[in-house]
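Residue numbers start at 1 and run along the sequence shown.
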Amino acid sequence: MKTVVWLIALCGLPAPARGQFPEIPASTLQPPLMDFDDGQDPMRSRLFRTTSRRTQIDLGGWWEFAADPGDAGETAGHAAGIPEPETRLWVPGTWNAAARYWNYVGPAWYQRRFEMPAGGNLRLHFGSVFHTAKVWLDGRLVGEHEGGYLPFDCLVPKVAKGPHRLVVRVDNRLTADSLPKQNVDWFPYGGIDRPVYAEIVPDQYIEHVQVLPVLDGGATAKLRVRAALRNLAANEAAADLRFEVDGVEVYRGEHAVPAGGGPVAFEAALRNPRLWSPSSPHLYSARMALGERDDQFTRFGVREVRVAGGAMVLNGERLKVMGVNRHEDHPEWGSASPPHVLHRDIEIIKRLGANTVRGHYSFSELFMDFCDQYGLLVMAEVPAWQYSAEQLRAPAVQEKILHHLEEMVRRDAGRPSVLTWSLGNEWPGVDRSYEVFRALLERARRLDSTRPFTLVTGGPHVRRVHELLDVICVNWARYQWYDPFTVLDRAEGEKSAADLALIHQRYPDKPVILTEFGGSEALAGWHNWGNVKWSEEFQSRNVEDSAWHALEQDWISGGCVWQYCDSRSTPERFLAGRLVGWNGKGIVDAYRSPKLAFYRLQHVFRSWTNKAFSEVPLSGRPGGGR
Ligand code: ADA
């Protein structure tokens, strides 16, 4: 026996026979391209630590919970504590992923206790609460926020050391003028659905910082640094600001911060920058320090996006968008996928050969960090989905759109991944909203001058609004899916291609992106020989033919498939055109198993990528991909 053990120890276990195990494909995710280690985030909400100075308290975990269908909680005094919690729910999370509250849309209450390790100013940070939030600390109202998908803070000065109670009222009811509005084609998951934590901050602290690099054509990038400082003291305070890139100080200056706080802007230079691109996503780490008392880390990448000669141009090269539309959705977690699931989405999207991802609303910060780090461009959008001209006429709706955009820009303008900002999607009869949109766009452009602005339009029959867009975005499929008698008919395909070409005839100098191409539902696993509706064959043909069209037409700057994964739709759409309540147009199903369309699109994207982009001329037909 001893001899056998010795033999195994010396020679190792026998190798499995060749072919015994399936091949594990190599990862498509390259290790981060960074020269500086900016540390881990103990709050697990970002890919890097955000501070080395503040005490942070993770408020994730089990919270007590009670639904409030009669909306009686506030008058009953729940703000001071829920008298009878129904259960405990995990945060970040959504109650609509729990069997008990699967379809619950209405107000609800969360509460938990936490311990302040020392007295100080408390900054509560919520990554997102859908859709409205009201926050009480020890029975005192400390903040309110409307709109999910984006973070907000509540600042409570001078909080004592010891135990405290946090209560949050959340309401996921949508209305005709909420953002998004009622009856959109995705589920209004309710809850504290992104990470939440607390920090102890000094009287003067950095609220946020972002870096907007501008390439000046030479060997230097100009770093435009924008920050907001808070000052809780009654008088103006002096701030000694230092700014480091990859651990090296590149700016130091004295700034006066008025009582309450204010913005700070300065410039620094970065010599011989390494550029960021989807194939080589090099990132820099930046740290802003306020004396010795406070600091904030961020990351940035140096790249230039332009619109020129009817094309999207990234770092001087023509860009073909090869993307997916993605709902942040999963049957197990709803809108609150945990980090490893977000990471797996990135891996699958990269494996597809895509370089872009578009959403109807802002993805979680962690997902955006992955996009920066692994090189996925993001077409960012305000969730103003299918607003009619009548709805858009309401000044309250217009203000909500701009306010939402402002919050998006504050969170994401410093990210290299963000390619475009869209003010909304498929406004029916959009030309009737021309003046409203023009006024909105004018104000929107003041928020970020470094990126193209757009509005996603529902088809080629838009006329006037397209003239306002930096890049024309249009949702298009070669074969209509909604027509009950639709077939994969060559003549029909030619007709919809001819319709699409009208856009280019009208605006030959503008790039066109097919923001949603190929959308067709397919019931995962249902195949047939006849290419009929609902089959994987029908979907994959529509996706493939639409994708080739987006890539082969020289005047189209690519597009994004509708959609990445099957996603849950609104209760109102249950069975009304949405089989089992899900939008089944995913090229992977809700659990991320591939449908036939995934492999066909992978083939298209990969075949196209194998042509070096630089070989594709800026004008003239690039030649067939097949
Ligand atoms: C539109 C819309 C999407 C989705 C899609 C569909 O293109 O922008 O959100 O609803 O239709 O599946 O029909």
Side-chain angles (χ1 to χ4, degrees), residues 147 175-185 306-308 310-312 325 358-361 379-409 419-477 496 498-517 555-557 559-560 562:
T175 61
D177 60 3
S178 60
L179 197 63
K181 68 183 176 101
Q182 214 168 19
N183 199 12
V184 283
D185 194 6
R306 265 187 309 126
V307 164
M312 297 290 292
N325 284 278
R358 168 180 176 249
H360 280 321
Y361 44 80
M379 298 187 74
E381 190 163 292
V382 177
W385 189 91
Q386 294 193 0
Y387 277 88
S388 67
E390 290 66 39
Q391 283 170 311
L392 286 161
R393 227 170 275 137
V397 170
Q398 298 168 19
E399 289 314 310
K400 274 184 196 170
I401 292 175
L402 269 174
H403 183 72
H404 197 94
L405 180 70
E406 222 169 275
E407 290 190 348
M408 282 167 75
V409 167
L419 179 70
T420 49
W421 301 116
S422 164
L423 291 185
N425 175 72
E426 290 189 354
W427 295 353
V430 64
D431 282 334
R432 289 196 292 134
S433 302
Y434 180 89
E435 289 306 335
V436 169
F437 179 67
R438 193 166 64 156
L440 282 175
L441 190 62
E442 205 181 297
R443 291 170 64 193
R445 285 192 204 282
R446 287 184 219 140
L447 298 172
D448 184 9
S449 59
T450 66
R451 288 182 177 84
F453 275 88
T454 189
L455 173 74
V456 172
T457 54
H461 301 293
V462 175
R463 284 173 175 271
R464 295 185 63 212
V465 158
H466 280 167
E467 86 191 24
L468 299 172
L469 307 179
D470 298 327
V471 42
I472 295 177
C473 287
V474 52
N475 296 343
W476 177 85
S496 56
D499 278 354
L500 186 68
L502 293 174
I503 298 175
H504 180 55
Q505 286 159 25
R506 281 186 217 121
Y507 301 104
D509 296 331
K510 288 192 191 248
V512 176
I513 297 178
L514 302 186
T515 18
E516 293 177 22
F517 68 69
W555 57 273
I556 302 180
S557 292
C560 302
W562 184 266

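Rounded to the nearest 0.5 Å, atoms CD (Glu467) and NZ (Lys510) are 7.5 Å apart. In this structure, CD1 on Ile513 lies 6.0 Å from CG on Leu419, to the nearest 0.5 angstrom. For the atom pair CG (Leu392) and CD (Gln398), the distance works out to 7.0 Å, reported to the nearest 0.5 Å. Rounded to the nearest 0.5 angstrom, His504 NE2 and Asp509 CG are separated by 8.5 Å. Considering CZ of Phe453 and CD of Glu442, their distance stands at 12.0 Å, rounded to 0.5 Å. Of the inter-residue distances, the one linking Leu402 atom CG with Glu407 atom CD reads 12.0 Å to the nearest 0.5 angstrom.
Aromatic ring centres of Trp385 and His404: separated by at least 6.0 Å.
Shown here for Met408 and Ala380, the closest heavy-atom pair between the two residues is CE-CB, 3.8 Å. The two residues Leu500 and Pro460 have their closest heavy-atom pair at CA-CB, 4.0 Å. Taking all atoms of both residues into account, the shortest heavy-atom contact from Tyr387 to Ala176 is CE2-O, 4.0 Å. The minimum heavy-atom distance linking Ser433 with Ala389 is given by the pair OG-CA, 3.4 Å. Minimum interatomic distance between Asp431 and Val465 (heavy atoms only, all atoms of both residues): OD1-N, 2.9 Å. Between Gln386 and Lys181, the shortest heavy-atom contact is O-CE, 2.9 Å.
For the side chain to side chain contact (heavy atoms under 4.5 Å, CB included) test with His466, the passing option among Ile472, Leu455, Val512 is Ile472; the others fail.
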**Study point:** Pair Glu390-Arg432, salt bridge (Lys or Arg N to Asp or Glu O under 4.0 Å): steps then yes or no
**Key:** CA-CA 9 Å; Glu390 290 66 39; Arg432 289 196 292 134; 3.0 Å; yes
Check your understanding: Hey, mind stepping through Trp421 and Asp448 against side chain to side chain donor-acceptor pair (under 3.5 Å) and telling me if it holds?
Key -> CA-CA 9 Å; Trp421 301 116; Asp448 184 9; 2.9 Å; yes
Practice item. Output, in order, the C-alpha distance, side-chain angles, deciding distance and verdict of side chain to side chain contact (heavy atoms under 4.5 Å, CB included) for Val474 and Val456. Key: CA-CA 6 Å; Val474 52; Val456 172; over 6 Å; no
Exercise for review: Please step through side chain to side chain contact (heavy atoms under 4.5 Å, CB included) for the pair Asp499 and His461, ending with a clear verdict.
Suggested key: CA-CA 8 Å; Asp499 278 354; His461 301 293; 3.8 Å; yes
Exercise for review: Quick one: do Met312 and Val307 satisfy side chain to side chain contact (heavy atoms under 4.5 Å, CB included)? Show the steps, please.
Suggested key: CA-CA 5 Å; Met312 297 290 292; Val307 164; 4.1 Å; yes
Practice item. Would you check, one step at a time, whether the test side chain to side chain contact (heavy atoms under 4.5 Å, CB included) holds for Thr515 with Cys560? Key: CA-CA 5 Å; Thr515 18; Cys560 302; 5.5 Å; no
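Proximity of Arg358 to Asn425: side-chain heavy atoms (C-beta onward) are separated by under 4.5 Å at one or more points. Using a 4.5 Å heavy-atom threshold, the side chains of Phe437 and Arg464 count as separate.
Heavy-atom contacts from other residues, nucleotides or ligands closer than 6.0 Å to CZ of Arg463 number 12 or fewer.
Using a cutoff of 4.0 Å between basic side-chain nitrogens and carboxylate oxygens, Arg443 and Glu399 are scored as salt-bridged. Salt-bridge formation is not detected for the pair Arg446/Glu406: no Lys NZ or Arg NE/NH1/NH2 atom is positioned less than 4.0 Å from an Asp or Glu carboxylate oxygen.
Partners of Arg445 under the salt bridge (charged side-chain N to carboxylate O under 4.0 Å, His left out) rule, at least two apart in sequence or in another chain, are Asp470.
At least one donor-acceptor pair under 3.5 Å links the side chain of Trp427 to the backbone N or O of Ala384.
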